[in-house]
Amino acid sequence: MKVKVLYFAKLRELFGMENEELELPGERAHAAAVVDLLRKRGEPWSKALALDAGYRMAVNQTLAGLVTPVQDGDEIAIFPPVTGG
Amino acid sequence: MKVKVLYFAKLRELFGMENEELELPGERAHAAAVVDLLRKRGEPWSKALALDAGYRMAVNQTLAGLVTPVQDGDEIAIFPPVTGG
Amino acid sequence: MMQLKILVGESDFDPGAEIAALYTGRPEVGAVASFVGLVRDINDGNSVTTLTLEHYPAMTEKSLREIADEAMGRWRLLDVTVIHRVGRLMPQDRIVFVGVASMHRGDAFAACEFIMDYLKTRAPFWKKERTPEGERWVEARGSDDDAAMRWEKQDGK
Amino acid sequence: MMQLKILVGESDFDPGAEIAALYTGRPEVGAVASFVGLVRDINDGNSVTTLTLEHYPAMTEKSLREIADEAMGRWRLLDVTVIHRVGRLMPQDRIVFVGVASMHRGDAFAACEFIMDYLKTRAPFWKKERTPEGERWVEARGSDDDAAMRWEKQDGK
């Protein structure tokens, strides 16, 4: 399955990209699988996406957690805590 | 001692006056003494100023209770619960 | 510098202009919470054609000032405006404006609601409605007492 | 009829006009609570020269709509407007407007503050400040999480 991953704000700058396509094994997974794959790249991914790093996620434009299901074609966004308003 | 008593809203209409001067014995009293004097007039005063009638008072333009001290020259207002805003 | 503006009278007011006055030229203001109260055409099931607001002139501004001062003591505020109209009003007319400027929104929201809750239960205004069935004095609501009471409980904070 | 207006973009807005739109021609509206958020010239001790707001366009309006819908489910509201600017702003510029019209003030105040608290913790906006020392991303505040959390406790009411 393929998913699109988007990065915003500090993470967009840190990773040096706005978005990318990721290939994951199988037809269904949890959002955690996306994060695991990114962490395996090492720094800066491993640190910025560590369990205690405080990043946030959305799946298909809705706030999500590590156990949120993802499937082929989904849009996954990874970003720091929001600071609007 | 003399005090000025003001009435507002429903009580102004019920008593048929906006204000009056009252003569009280002594130099100092509690606001209760003013109410007692008015109640002795009978209806409609006795009913409108009964203990459970829910009227409000101010002494010299500050919300007051029955034990608030009053003295010569004070302005005492008696009115229904407020309904502004 | 803390500011305070209190107005009581028959004149209408412009909520947008009042809000702008709370922050224009003051770059330390990050938050403005405000409230506009309006005459409704229906109250307690009866249609309202006019609303007359009576007040106790010698006490009204004093009481609003005390309420605003109390708010300024409880929260970190930069500016407060309270405007209350009196006299004869029609449905859709503006009655009351409360605006509060602060650095952060929490203070602005709390103070704005506090001022309205206290104004509703402590400021000497009385409403008389004209309906097709005649005139009647508006009765005070227990819910307004409850709203004001919430702030008493927080005195110890 | 319940109404809802959500705007996200670079354009400025007029708080007075937005407030008027919430009650003009709607005689059932008795209360309008509103909030204006502004760029301050000092944040966490540093002077701010410009503020850039990034957002997640595909999600932003959707998220604001969900927050407003949630408010409309919790309180009796007649109209809600939420406006949030993005792009480059200067101190004193308006950032955000939330306005809520209701029959009574309690609903309007609660919903307005709820929407701001949820917007602050759930809507995908990020602020970057330019200061004399350089650029920095604004850090989220724990106090904003606490403010949003208050509303969770009330779910059972």
*Tell me, side chain or backbone of D/Ala147 under 4.5 Å from chain C's heavy atoms, or both, or neither?*
side chain

*Classify the ring geometry between C/Phe35 and D/Phe109 as parallel (under 30°), tilted (30 to 60°) or perpendicular (over 60°).*
parallel

*Under 4.5 Å heavy-atom distance to chain D, tell me which part of C/Thr24 shows up: side chain, backbone, both or neither.*
backbone

_Heavy-atom pair count under 4.5 Å with chain C, highest-scoring of D/Ser34, D/Cys112, D/Gly16, D/Ala33_ = D/Ser34

*When you check the side-chain N and O atoms of C/Glu129 and C/Asn46, is any donor under 3.5 Å from an acceptor?*
no

*Determine, step by step, whether C/Leu89 and C/Thr52 satisfy the side-chain contact (heavy atoms from CB on, under 4.5 Å) criterion, reporting the C-alpha distance in whole Å, the side-chain angles of both residues, the deciding distance to 0.1 Å, and the verdict.*
CA-CA 6 Å; C/Leu89 301 173; C/Thr52 305; over 6 Å; no

*What part of C/Ala31 lies closer than 4.5 angstrom to a heavy atom of chain D: side chain, backbone, both or neither?*
both

*When C/Pro15, C/Gly30, C/Gly25 are compared by non-hydrogen pairs under 4.5 Å with chain D, the top option*: C/Gly30

*Proximal component of C/Asn43, with respect to chain D [non-hydrogen, under 4.5 Å]*: neither

*Interchain contact, C/Val39 with chain D, by part (heavy-atom threshold 4.5 Å)*: backbone

*Mind ranking C/Gln92, C/Arg105, C/Glu18 by heavy-atom pairs under 4.5 Å with chain D and telling me who comes out on top?*
C/Arg105

*Is it the side chain or the backbone of D/Asp117 that comes within 4.5 Å of chain C heavy atoms, both, or neither?*
both

*Can we say C/Arg88 and C/Asp93 salt-bridge, meaning some charged N sits less than 4.0 Å from an Asp/Glu carboxylate O?*
no

_Ionic contact status for C/Lys5 with C/Asp79, cut-off 4.0 Å_ = no

*Looking at C/Ile42, C/Ile19, C/Val29, which makes the most heavy-atom pairs under 4.5 Å with chain D?*
C/Val29

*Would you please classify the geometry between the D/Trp75 ring and the D/Trp151 ring as parallel, tilted or perpendicular, with 30° and 60° separating the classes?*
perpendicular

_Strictly below 4.0 Å, N to O, side chains only: are D/Arg141 and D/Asp44 in salt-bridge contact?_
yes

